Amino acid sequence: NKTLGERKYFAWIGNYRSVKNLPAVYDIAKKLPHYQFKVAGTMTMPKSFGSETRDAVEKLSSCKNVELVGHLKREEVVPFLSEAYALFNTSFVEGFSNTFLESLAAGTPIVTRKEIDPDGMIENNQLGLIVKDYEEMPQALERVATMNSYQQMAERCQKYLSDHHDPYKITGKLLQELENHQGE
């Protein structure tokens, strides 16, 4: 778990699709010129790569404080996130994102909108900051990157993951439940 001082940028991960809202990534990066941003992902389906998304990718690629890092292999994701102040999500809609679990594993808080927070997991467990709309996102990102309690939040992220998503713990609970109900 890296300290706040060892972290260098805000991270965004996703496929370049309209639903991921890349124009918002550009707007946010533009509002925080004194911070670095690293955007990971690629165009996966040309059909869902609309002109707004294409424009946003072009604008992002010419932004001085943004680096487009391309596609990350699964094993590169957690190390990438471990150097970020936060993972931010700009999607219009999202299921339970694997990147959220990977971010928690890296001890990296998550910043996203209320609609995207799965069952209030992030907000209720203080694993990052939840905003009402995209306009609030730059301020929330800056707040995460400057908070005195950053280390505690980072530790909460990793603890939450091990408490709720550790396959061995989950399997143990399941086996215990099955044993308890065996004679019924």
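Only this structure's heavy atoms are used, side chains among them; waters, hydrogens and symmetry mates stay out. Because the structure is predicted, anything quoted here is derived from the model rather than measured. Residue numbers run from 1 in the order of the sequence given.
- At a threshold of 4.5 Å between side-chain heavy atoms, the hydrophobic network of Ile, Leu, Val, Met, Phe, Trp and Tyr places L87 and V78 in two separate groups.
- E6 and T3 make their closest contact through OE1-N, 2.8 Å (heavy atoms, listed as atom of the first residue, atom of the second, distance).
- Smallest separation of non-hydrogen atoms from G107 and A154: O-CB, 3.1 Å.
- Within the 3.5 Å criterion, the main-chain N or O of T108 finds a donor-acceptor partner in the side chain of S103.
- The closest side-chain heavy-atom distance from L81 to P79 is not below 4.5 Å.
- In this structure, the side chain of N15 does not engage the main chain of R17 through any donor-acceptor pair within 3.5 Å.
- The backbone N or O of T53 lies less than 3.5 Å from no partner atom in the side chain of Y16, so there is not a single donor-acceptor pair.
- Remark: K38 pairs with E67 by the salt bridge (charged side-chain N to carboxylate O under 4.0 Å, His left out) rule, at least two apart or across chains.
- Proximity of a side-chain donor or acceptor of Q158 to a complementary backbone N or O of A105 within less than 3.5 Å is detected.
- Taking all atoms of both residues into account, the shortest heavy-atom contact from N65 to L32 is ND2-O, 3.1 Å.
- Atom CZ of R156 is separated from atom CD1 of I122 by 13.0 Å, given to the nearest 0.5 angstrom.
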side-chain contact (heavy atoms from CB on, under 4.5 Å) between V69 and V39, intermediate numbers included: CA-CA 6 Å; V69 297; V39 173; over 6 Å; no

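- Within the structure, ring pair (Phe, Tyr, Trp, His ring centres under 6.0 Å) pairs that include any residue of residues 57-81 comprise Y9-F80 (at least two apart or interchain).
- Within a 6.0 Å radius of CD in E76, other residues, nucleotides and ligands contribute more than 12 heavy atoms.
- In this structure, CG in L68 is found 11.0 Å from CD in E58, a value given to the nearest 0.5 Å.
- The closest donor-acceptor contact from the side chain of T90 to the backbone of A24 lies at 3.5 Å or more, if one exists at all.
- Under 4.0 Å is where a charged nitrogen must lie from a carboxylate oxygen, and between R113 and E115 at least one such pair does.
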Are Q152 and S149 close enough, and set up right, to give a side chain to side chain donor-acceptor pair (under 3.5 Å), and what steps lead you there? CA-CA 5 Å; Q152 290 91 311; S149 58; 5.4 Å; no

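- Hydrophobic clustering places V111 together with M147 (ILVMFWY residues linked when any side-chain heavy atoms are closer than 4.5 Å, directly or through intermediates).
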N98 vs R74, side-chain contact (heavy atoms from CB on, under 4.5 Å): CA-CA, chis, key distance, verdict: CA-CA 10 Å; N98 277 334; R74 269 275 155 261; 4.2 Å; yes

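- The two residues S91 and K20 come nearest to each other via the heavy atoms OG-CD, 3.4 Å.
- Atom CG of residue L104 and atom CG of residue D163 lie 11.5 Å apart, to the nearest 0.5 angstrom.
- Distance check: L72 CG to T99 OG1 gives 11.0 Å after rounding to the nearest 0.5 Å.
- Just one of F10, Y85, Y26 meets the ring pair (Phe, Tyr, Trp, His ring centres under 6.0 Å) condition when paired with F37; it is F10.
- Checked by atom type and distance alone, the side chain of E123 never pairs as donor or acceptor with a backbone atom of G120 at under 3.5 Å.
- Residue D133 places its CG atom among more than 12 non-hydrogen atoms of other residues, nucleotides or ligands, all under 6.0 Å distant.
- Linking Ile, Leu, Val, Met, Phe, Trp and Tyr residues whenever their side-chain heavy atoms come within less than 4.5 Å places L127 and L101 in a single cluster.
- Scanning both residues, P109 and Y150, for their nearest heavy atoms gives CD-OH, 3.3 Å.
- With values rounded to the nearest 0.5 angstrom, M121 atom CE is found 7.0 Å from F100 atom CZ.
- Considering only heavy atoms from C-beta on, V131 stays 4.5 Å or farther from T112 through its side chain.
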Just do the side-chain contact (heavy atoms from CB on, under 4.5 Å) check on I110 and F88 with the steps written out, would you? CA-CA 6 Å; I110 301 160; F88 70 109; over 6 Å; no

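- K2 NZ to L4 CG: the interatomic distance, rounded to the nearest 0.5 Å, is 13.0 Å.
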Taking distance alone, no hydrogens or angles, what donor-acceptor pairs closer than 3.5 Å link side-chain atoms of residues 135-145 to residues at least two apart or in another chain?
unit_1	atom_1	unit_2	atom_2	d
E136	OE1	K132	N	2.9
E136	OE2	K132	NZ	3.2
E142	OE2	H34	NE2	3.0

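- Other residues, nucleotides and ligands contribute at most 12 non-hydrogen atoms within 6.0 Å of the NZ atom of K114.
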